[in-house]
Amino acid sequence: MQNYSAFLQDLKTLISFKSTAAPAEENAPFGKENLKALEFFLKKAQDFGFETINYDNYAGEVCFGKGEELGIIGHLDVVPTGIGWDSDPFELVEKDGYLFARGIMDDKGPCLLALYALKELKDSGIKVNRKFRLFVGCNEESGWRDFEYLKTKATMPKYGFSPDGNFPVSYAEKGVTVVSFSIPKLKKFHSISGGTVINAVCDYACCTAISDGIDSELLAKHGLKLSENRIESFGKAAHGSTPHLGKNALKPLFSYFLDMGEDVKDFYDFVLCDKKNISDIKNEQGNVTISPDLITETDDKVIISCDCRIPAPIDPKDIYKIFDTFGIDYSFKSHHEPMMVDKDGWFVKTLSNAYNEIMGKCKPPVSMGGSTFARCFEKGCAFGPDFKTYDTNIHDANEKVKKEDLFKAYEIYKKTIFDLAK
């Protein structure tokens with residue numbers, strides 16, 4: 001990297017914006033902090049000499065070069081911080097060779113890496129035979145309304161990558177469906193709530209118990225906390241596409257409900273414990289996953305919303321047929337269809353070769369469970385920044401990256417962009 005100290009200072013500033021989902025305000029469709037992050041990023045690009053476009057504060061674009069278009073897309077919004085941080089999530093902290101902050105990996109850090117790599121291409125003076133279009137959104141984590149708006153204002157390149165996944169390169173992504181199960185209100189417990197976003201494992205859930213809903217021995221058995229008549233369950237967050245990496249706070253809570261005589265056995269067995277072995281359904285893209293991430297209560301029922309990932313070419317209807325056997329009311333909406341790019345085609349090979357050359361490896365392209373902005377392109381790939389050699393705590397407390405890995409990722413992105421420019 002040509003100017004590490006400047007990059008680090010810009011990263012600190014970008015991290016400092018508390019760009020979680022927020023109600024719309026005047027000229028700020030996703031809240032003022034998301035707007036600040038977008039304005040900072042586009043101003044930095046302008047300072048570097050790039051042409052920029054602000055799509056009415058929904059998303060931004062940085063343009064460079066002429067010729068066939070290639071896209072890069074990331075996002076500046078972040079998931080809620082949750083609990084358990086050892087430092088301020090919106091302050092970049094360096095400790096023991098790691099950088100800690102919300103967004104350091106998902107996805108502020110990688111967006112800034114891509115911008116700096118484009119700057120290095122621009123400053124090199126070499127002939128650029130393609131037009132690069134770097135997009136940054138502000139609503140990837142909670143609805144993709146930024147991209148939906150962007151589609152009404154701009155035509156996307158056919159090929160592109162998103163620095164919001166794993167290395168070496170992901171040529172395929174699972175389909176994503178939100179499944180909401182409904183069960184009757186409980187008899188001994190009310191005001192049940194938990195979870196932060198649909199794509200993060202529920203790390204906290206709570207409810208209020210009436211007098212005969214409290215059993216100290218059973219609370220201790222299930223590791224639950226009691227404060228007056230409020231019961232709390234603590235878990236560990238993880239990305240909704242990898243629920244096995246987290247600890248769902250709903251499981252001990254519903255196990256307690258079951259022991260207290262509540263009629264939740266079907267939900268506990270089939271959804272929380274996967275009694276029908278849905279997770280054993282798999283193919284080259286991976287296995288089906290279902291992660292109960294949000295729970296709310298209405299006047300007459302409890303609703304548990306689940307992040308369900310289904311690899312292609314498995315038909316989601318075959319999974320719904322299994323849900324039909326649960327004996328539980330449910331509804332669903334499909335967020336994203338499965339996607340796949342030719343892993344032997346020129347685009348995947350260019351990305352893969354850049355990774356392997358920088359890393360001195362010979363790794364093939366892989367499939368992933370996450371749903372990324374790579375889907376915004378007809379032929380899109382998720383490409384880093386996670387090397388998957390340790391838990392970076394994406395969507396969890398203490399999100400982190402080894403400093404050396406951040407700059408390895410930069411070298412990979414730089415080589416990729418230089419190679420694609422030819």
Side-chain angles (χ1 to χ4, degrees), residues 70-75 105-107 109-111 113-114 117 134-135 137 140-141 144 147 156-176 199 238-245 282-289 307-314 335-359 361-392 394-395 401 405-406 408-410 412-413 415-417 419-420:
L70 288 171
I72 305 170
I73 188 166
H75 61 94
M105 287 290 278
D106 185 19
D107 192 36
C111 287
L113 288 178
L134 168 60
F135 301 90
E140 193 269 355
E141 297 289 7
W144 288 41
F147 175 61
M156 302 299 288
K158 180 177 181 180
Y159 288 93
F161 71 84
S162 179
D164 191 20
N166 306 324
F167 285 125
V169 57
S170 298
Y171 71 95
E173 296 184 7
K174 295 179 182 178
V176 183
N199 59 353
H239 197 283
S241 65
T242 54
H244 62 285
L245 297 179
K282 66 178 90 172
N283 61 18
E284 179 187 354
Q285 270 198 284
N287 65 305
V288 176
T289 61
D307 180 332
C308 184
R309 310 272 169 148
I310 304 173
I314 295 172
H335 267 184
H336 307 120
E337 296 297 323
M339 61 163 283
M340 187 177 296
V341 181
D342 182 4
K343 63 181 177 182
D344 296 315
W346 71 270
F347 185 65
V348 174
K349 282 187 173 180
T350 301
L351 273 57
S352 184
N353 289 342
Y355 166 83
N356 283 321
E357 184 170 327
I358 294 297
M359 298 301 294
K361 297 182 181 294
C362 189
K363 288 190 173 183
V366 298
S367 172
M368 67 177 290
S371 177
T372 75
F373 264 169
R375 297 169 183 269
C376 299
F377 308 114
E378 180 184 339
K379 303 290 184 181
C381 297
F383 188 42
D386 200 333
F387 290 96
K388 302 305 290 183
T389 53
Y390 54 92
D391 190 354
T392 54
I394 289 175
H395 287 207
V401 63
D405 285 350
L406 194 67
K408 282 180 189 175
Y410 176 79
I412 294 168
Y413 291 142
K415 175 166 178 54
T416 300
I417 286 171
D419 288 349
L420 289 171

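In this chain, residues are counted from 1 in sequence order.
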(request) Taking ring pair (Phe, Tyr, Trp, His ring centres under 6.0 Å) as the test, write out the residues that go with Y159, two or more places apart. (result) W346, F347

(request) Kindly compute the distance separating CD1 (I72) from CZ (F135), expressed to the nearest 0.5 Å. (result) 10.0 Å

(message) For the CG atom of L420 and the OG1 atom of T350, what is their distance to the nearest 0.5 Å?
(response) 5.5 Å

(message) Among residues at least two apart in sequence or on other chains, which ones pass side-chain contact (heavy atoms from CB on, under 4.5 Å) with K282?
(response) N287

(message) Could you tell me if the side chain of N353 sits less than 4.5 Å from the side chain of D419, heavy atoms only?
(response) no

(message) Quick one, Q285 and M340 - any side-chain contact, counting heavy atoms below 4.5 Å?
(response) yes

(message) As an exercise, state the distance from NZ of K415 to CD1 of I358, rounded to the nearest 0.5 Å.
(response) 6.5 Å

(request) Please name all residues satisfying side-chain hydrogen bond (donor to acceptor under 3.5 Å, both in side chains) with S241, sequence neighbours left out, ordered by chain then number. (result) H239

(message) Looking at H395 and N199, would you say the former's side chain and the latter's main chain have a donor-acceptor pair under 3.5 Å?
(response) yes

(request) Could you point out which residue of F167, Y390, Y410 forms a side-chain contact (heavy atoms from CB on, under 4.5 Å) with D405? (result) Y390

(request) Can you see which heavy atom on A238 is nearest to which on L245, and at what distance? (result) CB-C, 3.7 Å

(request) Give, for atom NZ of K379 and atom CG of L70, the distance between the pair rounded to the nearest 0.5 Å. (result) 14.5 Å

(message) Can you list everything that forms a salt bridge (Lys or Arg N to Asp or Glu O under 4.0 Å) with E337? Sequence neighbours excluded, please.
(response) none

(message) Within the structure provided, determine whether V176 and D307 are in side-chain contact (heavy-atom separation under 4.5 Å).
(response) yes

(message) Between S162 and I73 (side chain of the first, backbone of the second, donor and acceptor by atom type, cut-off under 3.5 Å), is there such a pair?
(response) yes

(request) Compute the ring centroids of Y413 and F383, then answer whether they are less than 6.0 Å apart. (result) yes

(request) Please list all pairs passing the salt bridge (Lys or Arg N to Asp or Glu O under 4.0 Å) test where one or both residues lie in residues 157-168, with sequence neighbours left out. (result) none

(request) Search all heavy atoms of G165 against all heavy atoms of A382 and return the closest pair with its distance. (result) CA-CB, 4.1 Å

(message) My understanding is that only residues two or more places apart in sequence, or in another chain, count here; which of them pass side-chain contact (heavy atoms from CB on, under 4.5 Å) with S352?
(response) V169, N356, P365

(request) Looking only at non-hydrogen atoms, find the nearest pair between P163 and P110 and report the distance. (result) O-CB, 3.1 Å

(message) Taking the side chain as everything from C-beta on, heavy atoms only, tell me whether P311 gets closer than 4.5 Å to V288.
(response) yes

(request) Calculate, to the nearest 0.5 Å, the distance between atoms CZ and CE belonging to F373 and M156 respectively. (result) 8.5 Å

(message) Just to verify, what does D391 make a salt bridge (Lys or Arg N to Asp or Glu O under 4.0 Å) with, not counting sequence neighbours?
(response) K236

(message) Going by the rule ring pair (Phe, Tyr, Trp, His ring centres under 6.0 Å), which residues pair with H244 if we only count those two or more places apart in sequence or in a different chain?
(response) none

(message) According to side-chain hydrogen bond (donor to acceptor under 3.5 Å, both in side chains), who are the partners of T242, at least two apart in sequence or on a separate chain?
(response) none

(message) So which atom in C308 and which in I310 form the shortest heavy-atom distance, rounded to 0.1 Å?
(response) SG-CG1, 3.9 Å

(message) Holding to salt bridge (Lys or Arg N to Asp or Glu O under 4.0 Å), I want the full list of residues that pass it with D107, two or more places apart in sequence or in another chain.
(response) none

(request) Taking the side chain as every heavy atom from C-beta outward, state whether W144 and C376 have any atom pair closer than 4.5 Å. (result) yes

(request) Please name all residues satisfying side-chain hydrogen bond (donor to acceptor under 3.5 Å, both in side chains) with Y171, sequence neighbours left out, ordered by chain then number. (result) E284

(request) Find the distance between CE (M359) and CD1 (I412) and round it off to the nearest 0.5 Å. (result) 5.5 Å

(request) Applying side-chain contact (heavy atoms from CB on, under 4.5 Å), name anything that partners P338, two or more places apart in sequence or on another chain. (result) A312

(request) Find out whether P313 and N283 are in side-chain contact, i.e. whether some heavy atom of one side chain is under 4.5 Å from a heavy atom of the other. (result) yes

(message) Donor-acceptor pair, distance only, cut-off 3.5 Å: does the side chain of R309 make one with the backbone of K174?
(response) no

(message) Are the side chains of C381 and L351 in contact, using a 4.5 Å heavy-atom criterion?
(response) yes

